[in-house]
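Letters go in sequence order (proteins before strands), and every chain restarts at 1.
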There are 2 protein chains.
Amino acid sequence: MSTTFTLFPRLTRPKFQPIIRAQHTHTMKKPQIYLDHASTTPLDPKVLKAILPYFSEKYGNPESLHEKGKEALIAVDDARETIAKFLNCRSREVIFCGTATEANNLAIFGTARANKDKGNHLITTKIEHSSVTEPFKQLEKEGFKVTYLDVDNEGFVNPEDVARALTPKTTLVSIMYANNEIGTIEPIKKIGRILAQHKAYFHTDACQAVGVESLDTKALNLDMMTINGSKIYGPKGIAVLYIKRDTKIEPLIHGGMHEFNMRAGTHNTPAIVGFAKAFDLIQKNKKNAHITKLRDKLIEGLLSKIPRSHINGPKGKTISHRLPNNINITIKSINAQEAVLHLDDAGIFVSTGSACKMGTPSPSNTLKALGLPRPQTLSTLRITLGKTTTEKEIDYVIRTLPKIIENLRNT
Amino acid sequence: MSTTFTLFPRLTRPKFQPIIRAQHTHTMKKPQIYLDHASTTPLDPKVLKAILPYFSEKYGNPESLHEKGKEALIAVDDARETIAKFLNCRSREVIFCGTATEANNLAIFGTARANKDKGNHLITTKIEHSSVTEPFKQLEKEGFKVTYLDVDNEGFVNPEDVARALTPKTTLVSIMYANNEIGTIEPIKKIGRILAQHKAYFHTDACQAVGVESLDTKALNLDMMTINGSKIYGPKGIAVLYIKRDTKIEPLIHGGMHEFNMRAGTHNTPAIVGFAKAFDLIQKNKKNAHITKLRDKLIEGLLSKIPRSHINGPKGKTISHRLPNNINITIKSINAQEAVLHLDDAGIFVSTGSACKMGTPSPSNTLKALGLPRPQTLSTLRITLGKTTTEKEIDYVIRTLPKIIENLRNT
């Protein structure tokens with residue numbers, strides 16, 4: 001259960017010689033094509049404008065009784081109400097946390113430990129983000145039994161598998177809303193319907209689903225849901241855990257009575273205000289049709305120009321259940337990390353698997369769960385579009401990426 | 001051990017009739033005299049300038065391999081080194097957390113639980129911040145024995161009491177560097193010398209001591225130290241826990257391998273950059289002599305004009321061991337909350353006790369530990385000056401506050 005504090009060696013970049021200098025070398029300026037939006041997003045200038053007054057003017061502590069405290073408290077309360085409206089919940093069910101990782105930890109540790117007397121069985125999947133998987137691994141060390149559900153070859157959880165896994169001792173089911181690597185949107189509503197008949201709490205990590213899927217906590221029968229700011233053009237360092245009233249849960253961080261006793265610590269007012277603003281913007285200005293079109297063009301362009309490549313996650317008949325901005329492509333016989341660095345050199349910023357697994361030498365759990373052989377998991381790129389992605393950028397990637405692959409394969 | 005999630009009733013402001021309209025009513029503009037710097041501070045404009053590029057330009061995830069990630073990683077690493085230099089420690093001993101509350105929780109839960117096999121005895125004091133006290137209370141429920149040390153009538157811990165409390169089963173001692181309510185600076189160096197002879201880890205919450213006392217972790221013999229941004233004109237939502245190499249400690253938040261496996265979650269690059277900048281500024285531009293002079297003028301002015309009032313914490317011979325910016329004054333026969341609201345009306349922003357205890361109806365633990373009778377604990381104001389506090393502001397408070405008290409006492 002305990003970990004000695006050892007210094008983890010930081011991943012060093014593999015040494016490489018640039019083997020291709022793409023078109024941009026003819027001009028003076030290297031392009032900056034950011035296609036890693038599932039990792040993090042830039043702050044929307046409108047959000048920055050909304051938060052600026054809370055740094056040096058309305059800087060009070062919302063817990064303070066005086067005017068400076070009151071103006072901060074009003075801002076926090078307003079933000080909470082904005083978010084609650086979109087989640088179709090009470091504002092007091094919106095708990096501000098520091099990161100989505102913390103919110104996931106709070107949901108999982110908080111309910112598992114607080115309900116240990118009712119049962120020690122928990123259910124999750126094999127394709128969760130590490131901020132869900134790691135708490136479950138920790139809980140196994142504390143004596144809990146965890147069922148890790150399989151997914152099909154496109155990453156879908158079968159709701160009937162959830163029903164079959166439930167036992168009278170199950171106290172918590174945590175299933176992500178949309179996968180961060182392969183973009184699979186899980187049948188959360190169907191699973192919610194099944195769990196409405198069972199006492200187990202239902203939590204979903206919805207970080208990748210914001211702006212795409214319904215977040216109506218009542219319609220989805222959710223007890224807890226994690227959403228965060230840094231994937232939706234909002235600030236880093238802020239996330240929300242929706243906790244349904246009367247959920248039996250214990251806090252992770254103890255101290256003051258902030259957040260209705262659920263998360264102690266001085267409120268980060270600018271981040272809270274910015275999160276609500278970003279959330280509001282993404283709900284009101286959805287660009288999913290546009291992004292989907294660009295995604296499909298890029299998929300088609302890459303597959304047609306790169307031999308021995310394939311898309312992981314939903315495609316064909318199921319592509320409507322794929323995140324609009326997500327491409328996950330296996331390109332056989334390449335080293336994905338090397339490809340990322342050569343793409344970087346060409347001004348194209350993409351990822352291998354999930355950013356939070358970067359330091360890890362082991363292959364992605366999600367890709368393993370799809371049944372991909374190990375060499376293929378290490379030959380996979382994740383390309384995630386954003387609301388400012390242009391067709392010109394996509395065209396450049398279609399021209400450049402296949403050449404880089406060809407060179408890499410010929411080295 | 002478990003807490004049902006109940007909706008904590010928010011403290012409602014006591015209804016009051018303004019009984020005094022101070023001088024400012026003759027002019028158009030109400031003054032804004034912020035004297036609650038121990039609660040939180042405005043962001044220094046220089047810090048804002050330093051962090052702005054990290055919102056919408058250098059917004060990458062430091063875990064990403066590409067250029068956008070690398071520029072964020074460089075910023076985080078530079079910030080870590082800046083802080084390490086002031087703490088006289090290795091940069092990998094600097095762990096970024098979301099709040100000082102979280103850092104205190106990590107230090108206390110992390111070492112107590114990880115070293116349970118070596119002993120279950122812990123030592124702290126009766127005057128700690130709630131983010132230290134509450135984790136200890138939680139650990140008592142988990143079977144730990146906690147010694148809460150007394151303090152003298154000025155709030156000082158006696159190092160010999162620490163020595164006497166140590167047993168072969170003691171694994172952790174946590175004593176604050178400077179008290180947030182009464183400004184007492186504890187003899188951390190002396191306590192460190194005692195603990196150098198004992199296997200127990202030594203943690204200090206140094207949030208109020210930054211910019212005032214030495215933070216040299218080696219000279220102080222510290223194993224862990226908490227510092228944060230929101231008290232030193234830096235951003236909210238960021239804190240550091242110094243953790244000495246080879247400390248046996250388990251993380252509180254599990255997920256990715258961020259912060260050398262000690263704190264999972266996407267890095268809040270702007271906040272980290274801003275924290276380092278604020279830390280650098282406060283170390284290089286200390287205004288303590290100026291603030292001390294204003295504090296002493298204000299103390300003298302208030303005591304001479306308000307009958308039946310006294311200062312809590314170090315004074316007279318020991319005043320050099322008081323935080324330069326702290327005044328804690330008991331004014332008999334007044335309700336401190338009411339006074340705060342009337343002062344607010346006059347444009348003076350102060351606090352009753354610690355801001356984090358605002359929602360609490362119970363009196364301050366620190367004031368109780370000094371031996372103050374209950375009615376006096378509820379008749380106490382905390383006034384904390386800042387680096388921008390002016391003599392003109394202090395003069396206004398000396399004119400205004402005694403009048404408000406007189407009116408309150410006559411109501």
Side-chain angles (χ1 to χ4, degrees), chain A residues 2-5 7-8 34 36 39-40 42-43 45 48 55-56 59-61 63-68 92 98-99 101-102 105 114 130-131 134-135 138 230 236-237 243 247-250 252-257 260-262 264-266 268-269 271 337 340-341 344 349 351 355-356 358-359, chain B residues 2-5 7-8 34 36 39-40 42-43 45 48 55-56 59-61 63-68 92 98-99 101-102 105 114 130-131 134-135 138 230 236-237 243 247-250 252-257 260-262 264-266 268-269 271 337 340-341 344 349 351 355-356 358-359:
Chain A
S2 73
T3 316
T4 303
F5 176 61
L7 300 176
F8 183 76
Y34 187 76
D36 198 11
S39 173
T40 195
L43 194 73
L48 182 59
F55 287 120
S56 306
Y59 55 82
N61 185 329
E63 298 291 309
S64 299
L65 275 178
H66 50 65
E67 186 185 306
K68 280 282 161 201
R92 282 168 187 236
T99 61
T101 295
E102 184 199 323
N105 274 246
S130 56
S131 58
E134 292 300 322
Q138 180 65 22
S230 66
K236 293 177 172 67
I243 308 178
T247 298
K248 197 178 175 197
I249 178 168
E250 60 183 59
L252 196 63
I253 297 172
H254 299 253
M257 292 178 168
F260 319 114
N261 278 330
M262 262 302 113
T266 299
N268 187 350
T269 315
Q337 280 202 1
V340 165
L341 295 176
D344 182 34
F349 308 138
S351 155
C356 297
M358 270 304 171
Chain B
S2 73
T3 316
T4 303
F5 177 63
L7 300 176
F8 183 77
Y34 186 76
D36 198 10
S39 172
T40 194
L43 195 72
L48 182 59
F55 287 119
S56 306
Y59 55 81
N61 186 329
E63 297 291 309
S64 299
L65 275 178
H66 50 65
E67 185 185 307
K68 281 282 163 200
R92 282 167 187 236
T99 60
T101 295
E102 184 198 324
N105 274 245
S130 56
S131 58
E134 292 301 322
Q138 181 65 23
S230 67
K236 292 176 173 66
I243 309 179
T247 298
K248 197 176 175 198
I249 179 167
E250 60 182 59
L252 197 63
I253 297 172
H254 298 253
M257 291 178 169
F260 319 113
N261 278 328
M262 263 301 114
T266 299
N268 188 350
T269 314
Q337 280 202 0
V340 165
L341 295 175
D344 182 35
F349 309 139
S351 154
C356 297
M358 269 306 171

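- Side-chain contact between T40(A) and Y34(A) is present, with heavy atoms from C-beta onward closer than 4.5 Å.
- Judged purely by distance below 3.5 Å, without hydrogens or angles, the side chains of H254(B) and N105(A) never pair a donor atom with an acceptor atom.
- Looking at T99(B), only its side chain comes within 4.5 Å of chain A, counting heavy atoms on both sides.
- Looking only at atom types and distance, the side chain of S64(A) has a donor-acceptor partner in the side chain of S39(B) under 3.5 Å away.
- No side-chain donor from either of T266(B) and K236(A) sits under 3.5 Å from a side-chain acceptor of the other.
- I253(A) touches chain B through backbone and side chain together, each having a heavy atom under 4.5 Å away.
- Comparing A271(B), P45(B), P135(B), S56(B) by heavy-atom pairs within less than 4.5 Å of chain A, the highest count is held by S56(B).
- A264(A) touches chain B through backbone and side chain together, each having a heavy atom under 4.5 Å away.
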